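Each remark here refers to the structure printed beneath this line.
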Amino acid sequence: MAKEGITPRAQDYSQWYLDIVRQADLADYAEIVRGCIVFKPTGYAIWEGIQRGLDERIKATGHVNAYFPLLIPKSFLMREAEHVEGFAPEVVEVTRGGGEELAEPYVVRPTSETIIGYFYAKWVRSWRDLPVLINQWANVMRWEMRTRPFLRTAEFLWQEGHTVHATEADAEHETLMILNDVYTDFVEQEMAVPVIRGLKTEKEKFPGALRSYCIEAMMQDGRALQAGTSHNLGQNFARAFDITFTNQNNTIQHAWTTSWGVSTRLIGALIMAHSDDDGLIIPPRLAPTQVVVVPIYRNDTERSTVMEAVQRITALWRGKLRFRVDDRDNLTPGYKFNEWELKGIPVRIELGPRDVQQDTVAIARRDIPGRAGKAFVSQSGLTERIEALLVEIQQSLFDRALTFRDAHTFDARTYAELVEGVERGFVRCYWAGTTDDERRIQEETRATIRCIPLDQPASAGRCVLTGAETTQQVVFARAY
RNA sequence: CGGGGCGUAGCGCAGACCGGUAGCGCACCUGAAUGGGGUUCAGGAGGUCGCUGGUUCAAAUCCAGUCGCCCCGACCA
């Protein structure tokens with residue numbers, strides 16, 4: 001029973017996504033600024049929830065927040081060879097200011113490794129200054145050729161962590177700790193989206209990094225979405241920006257740096273992982289509003305008794321549940337039911353004259369849409385019942401997403417199986433090919449190696465392409 | 001950069017071939033009734049027809065130019 005104005009997923013998945021964004025009032029196109037969107041209050045509230053969950057974890061692991069300039073001297077970008085090459089095509093330049101041509105143009109940051117590297121070089125002198133553990137919440141700009149709300153926009157919001165360490169081992173530990181304790185934990189626990197942790201291949205890694213790790217999630221069309229990345233930058237940026245320190249033996253050494261980020265793209269992941277043909281579904285732990293109350297009445301007398309009961313019941317929720325009462329008078333209850341389902345509120349409580357008499361309410365859960373997810377229950381113990389239901393919904397969304405991913409993950413032994421598998425989801429296979437092989441497969445199948453999973457099989461197998469024996473498995477998929 | 005399409009009310013569109021001073025649906029405003037799964041009736045407001053120029057007594061409509069947006073591809077993640 002698809003809602004009005006929402007294209008069913010099976011008909012056109014990409015249009016379905018755009019419909020959800022529009023209908024659930026998450027974003028508006030900033031048609032006057034190419035490739036940009038407006039994060040409307042509902043969409044921004046989801047981002048605030050993401051920020052809260054990540055910021056807590058980032059701080060709990062010893063990091064602090066700071067803020068660096070939006071504009072970066074163009075020459076900075078040039079200092080790291082791979083980095084320039086990687087970002088040059090999508091950089092926006094500022095060449096004038098105060099009505100005059102600038103001596104040196106600035107670029108609008110596509111990411112901040114370079115400018116932060118410059119300051120870290122100033123700040124770091126001794127091994128006693130390390131580690132530097134700083135995060136920044138910021139906007140960045142990349143002139144993308146083709147944009148989609150949240151998934152790829154010219155300007156987007158994110159956090160970028162930038163750290164400096166004395167040794168390679170420390171940097172590697174930091175990179176993996178962020179991947180595990182911050183990103184994976186947040187995305188799985190709060191967003192209820194299961195992820196695969198892995199290493200990027202040379203072809204897919206961050207420009208300038210030694211190694212890039214990532215978490216990859218599966219969307220409901222079987223395509224992969226990179227939900228977060230964590231890079232061990234080695235000494236590449238330390239060399240380019242001269243970040244050095246004197247160690248305990250009074251020797252000057254280049255430091256080891258890392259960077260890691262997740263962006264507003266996560267909102268896209270959230271939508272595509274959970275939502276259905278009736279609209280958005282937001283996992284309870286992240287939902288700006290967890291419970292909506294729809295009062296039902298026919299006249300002023302009924303209205304006052306019903307509203308009285310609503311007041312009495314919701315008074316118990318303060319500090320426990322994020323809720324709102326939909327007391328708009330010009331809309332029918334049926335309309336409101338549909339609207340709140342469309343907007344993905346996890347639990348809906350309906351309360352009418354009959355409920356007042358019988359000491360009941362109707363309780364509906366969003367993950368089971370329509371009347372099927374609705375039950376009449378007693379008012380006593382309602383708060384606890386809702387709290388338990390929210391936990392249950394959170395778990396059921398995660399389980400559902402995991403079951404879906406497993407059902408759409410295929411082991412391929414031959415190239416033909418790989419080609420067939422990426423049509424429908426993730427393909428797991430042994431791989432001993434080269435970067436050129438990857439490129440060729442991408443041309444032929446539009447699929448790329450999403451990652452080399454951290455969880456690897458115990459035994460060896462034969463490469464899906466070359467037939468060579470290898471112990472390394474990779475995951476192929478088409479990606480957003 | 002190549003191919004295609006589109007600019008008329010907030011949104012979606014008709015009107016254009018055949019020139020005569022702009023219309024429909026939804027949304028919006030007012031009132032009344034309705035109210036447990038997208039409520040009904042009545043009334044109302046809202047448009048320099050993307051922009052510039054030309055043809056004409058008369059241009060949304062014909063002609064020329066120009067700007068912008070969308071889709072497909074290339075590119076990127």
Side-chain angles (χ1 to χ4, degrees), chain A residues 1-6 12 14-15 18-19 22-23 25 28-36 85-91 110-111 140 142-148 150-154 156 158 200-201 203-207 212 214 216 223-229 261-263 265 268-269 278-279 293-303 306 326-343 348-358 360-364 366 369-376 439 442-443 446-451 477-480:
Chain A
M1 55 165 272
K3 293 270 195 287
E4 266 174 41
I6 297 181
D12 183 345
S14 145
Q15 188 57 48
L18 295 173
D19 289 346
R22 178 60 69 97
Q23 302 284 333
D25 212 25
D28 198 0
Y29 290 91
E31 49 268 293
I32 48 169
V33 190
R34 188 195 204 100
C36 292
E85 205 187 320
F87 282 105
E90 53 195 40
V91 151
T111 177
V140 290
R142 299 177 186 179
W143 207 252
E144 301 288 354
M145 309 198 74
R146 199 154 158 196
T147 58
R148 307 181 71 188
F150 301 120
L151 296 174
R152 172 168 284 108
T153 50
F156 57 92
W158 75 348
K200 285 293 185 192
T201 61
K203 175 173 170 294
E204 300 284 330
K205 73 165 195 190
F206 178 77
S212 288
C214 63
E216 296 281 332
R223 288 172 70 181
L225 188 137
Q226 178 179 298
T229 47
V262 307
S263 72
R265 179 180 237 206
D278 290 330
V293 181
V294 178
I296 296 155
Y297 45 80
R298 285 185 295 259
N299 50 51
D300 282 351
T301 319
E302 285 185 352
R303 183 174 197 278
V306 165
D326 186 353
D327 58 359
R328 290 175 297 176
D329 216 8
N330 56 334
L331 298 169
T332 60
Y335 184 93
K336 294 177 181 178
F337 299 164
N338 280 284
E339 175 169 336
W340 294 119
E341 265 164 24
L342 179 53
K343 293 193 169 171
R348 183 181 70 246
I349 299 294
E350 307 166 13
L351 204 155
R354 285 210 298 276
D355 297 301
V356 173
Q357 287 199 336
Q358 299 166 15
T360 57
V361 300
I363 182 169
R366 177 61 183 89
R371 287 200 182 83
K374 189 149 105 174
F376 287 86
R439 217 165 262 132
Q442 179 173 7
E443 277 165 26
R446 285 162 49 221
T448 50
I449 296 182
R450 297 321 302 155
C451 68
R478 289 184 182 154
Y480 276 97

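This one's a predicted model, so the numbers in the text were calculated from it and none came from an experiment. In what follows, chains carry the letters A, B, and so on, assigned in the order in which the sequence lines appear, proteins first and then strands, with residues in each chain numbered from 1.
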Calculate the interatomic distance between [X] atom [atom1] and [N] atom [atom2]; express it in whole Å.
X         : N      : atom1 : atom2 : answer
Gln15(A)  : G12(B) : CD    : C1'   : 13 Å
Glu443(A) : A74(B) : CD    : P     : 10 Å
Lys203(A) : A77(B) : NZ    : C1'   : 10 Å
Arg450(A) : C76(B) : CZ    : P     : 14 Å
Asp327(A) : G35(B) : CG    : C1'   : 15 Å
Arg439(A) : C75(B) : CZ    : P     : 11 Å
Ile349(A) : G37(B) : CD1   : P     : 16 Å
Ile363(A) : G37(B) : CD1   : P     : 18 Å

Consider the side chain of [X], meaning its heavy atoms from C-beta on, and name the nucleotide among [options] that approaches it most closely.
X         : options                : value
Tyr297(A) : G35(B), G37(B), A77(B) : G35(B)
Tyr335(A) : C76(B), G38(B), G36(B) : G38(B)
Asp329(A) : G36(B), G37(B), G35(B) : G35(B)
Ile296(A) : G37(B), A77(B), G35(B) : G35(B)
Pro353(A) : A77(B), G36(B), G37(B) : G36(B)
Arg371(A) : C76(B), G36(B), G37(B) : G37(B)

What does [X] touch in the nucleic acid at a heavy-atom separation under 4.0 angstrom: a base, only the sugar-phosphate, or nothing?
X         : value
Leu331(A) : base
Phe87(A)  : nothing
Arg328(A) : nothing
Glu90(A)  : sugar-phosphate
Arg142(A) : nothing
Lys374(A) : base
Asn299(A) : nothing

Could you tell me whether Arg265(A) sits above the aromatic face of Phe156(A), with NZ or CZ closer than 6.0 angstrom to the six-membered ring centre and within 45 degrees of the axis? no
Using purine N1 to pyrimidine N3 plus N6-O4 or O6-N4 for Watson-Crick, or N1-O2 and O6-N3 for G-U wobble, each under 3.5 Å, what pairs with [N]?
N      : value
G7(B)  : C67(B)
G23(B) : C13(B)
G2(B)  : C72(B)
U56(B) : none
G46(B) : none
G36(B) : none

Is there a donor N/O on one and an acceptor N/O on the other, under 3.5 Å, for the side chain of Arg348(A) and the base of G37(B)?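 Donor-acceptor pair under 3.5 Å: yes.
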Donor-acceptor pair present, Glu302(A) side chain and G35(B) base, under 3.5 Å: no
Between [N] and [M], how far is it from one [atom1] atom to the other, in whole Å?
N      : M      : atom1 : result
G25(B) : G2(B)  : C1'   : 38 Å
C49(B) : U8(B)  : C1'   : 4 Å
A64(B) : U56(B) : C1'   : 16 Å
U55(B) : C69(B) : C1'   : 29 Å
G20(B) : A60(B) : P     : 9 Å
C57(B) : C13(B) : P     : 37 Å
C6(B)  : C51(B) : C1'   : 16 Å
C24(B) : G15(B) : P     : 15 Å

Any sub-3.5 Å donor-acceptor pair from Arg223(A)'s side-chain atoms to Ala479(A)'s backbone N or O? yes
Check whether Lys203(A) reaches the backbone of Ile449(A) with its side chain - one donor and one acceptor, N or O, closer than 3.5 Å. no
Hey, are Glu341(A) and Arg348(A) close enough for a salt bridge, meaning a charged N less than 4.0 Å from a carboxylate O? yes
What verdict does the side chain to side chain contact (heavy atoms under 4.5 Å, CB included) test give for Trp340(A) and Asp326(A), after you've listed the backbone C-alpha separation in whole Å, the side-chain angles of each residue and the deciding distance to 0.1 Å? CA-CA 10 Å; Trp340(A) 294 119; Asp326(A) 186 353; 2.8 Å; yes
Take Ile296(A) and Asp355(A), measure what side chain to side chain contact (heavy atoms under 4.5 Å, CB included) needs, and give me the verdict at the end. CA-CA 10 Å; Ile296(A) 296 155; Asp355(A) 297 301; 5.9 Å; no
Where do N or O atoms of nucleotides 26-28 of chain B meet protein N or O atoms at under 3.5 Å, pair by pair?
none

Check whether any side-chain nitrogen or oxygen of Thr332(A) sits under 4.0 Å from OP1 or OP2 of G35(B), and answer yes or no. no
Work out which heavy atom in [X] is nearest to a heavy atom in [Y]; give both atom names and the distance.
X         : Y         : value
Arg328(A) : Lys336(A) : O-NZ, 2.7 Å
Gly268(A) : Phe150(A) : N-CB, 3.8 Å
Pro207(A) : Phe87(A)  : CG-CE1, 4.0 Å

How about Glu85(A): does its CD atom have over 12 heavy atoms from other parts shown lying under 6.0 Å from it? no
Can you establish whether the number of heavy atoms outside Asp300(A) located under 6.0 Å from its atom CG is more than 12?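 It does not: Asp300(A) CG has 12 such atoms or fewer within range.
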Quick check on RNA chain B: between Phe376(A) and Leu18(A), whose nearest nucleotide comes earlier from the 5' end?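 The 5'-side residue here is Phe376(A).
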Taking for each residue the nucleotide of RNA chain B bearing the nearest heavy atom, is the 5' side occupied by Gln442(A) or by Val356(A)? Val356(A)
Restricting both atoms to N or O, compile the protein contacts to nucleotides 3-5 of chain B shorter than 3.5 Å, with distance only.
none

Separation between CG (Leu225(A)) and OH (Tyr480(A)), nearest 0.5 Å, reads 8.0 Å
Do we see a donor-acceptor contact under 3.5 Å between the side chains of Arg450(A) and Thr448(A)?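 Per modelled atom types, Arg450(A) and Thr448(A) side chains form a pair under 3.5 Å.
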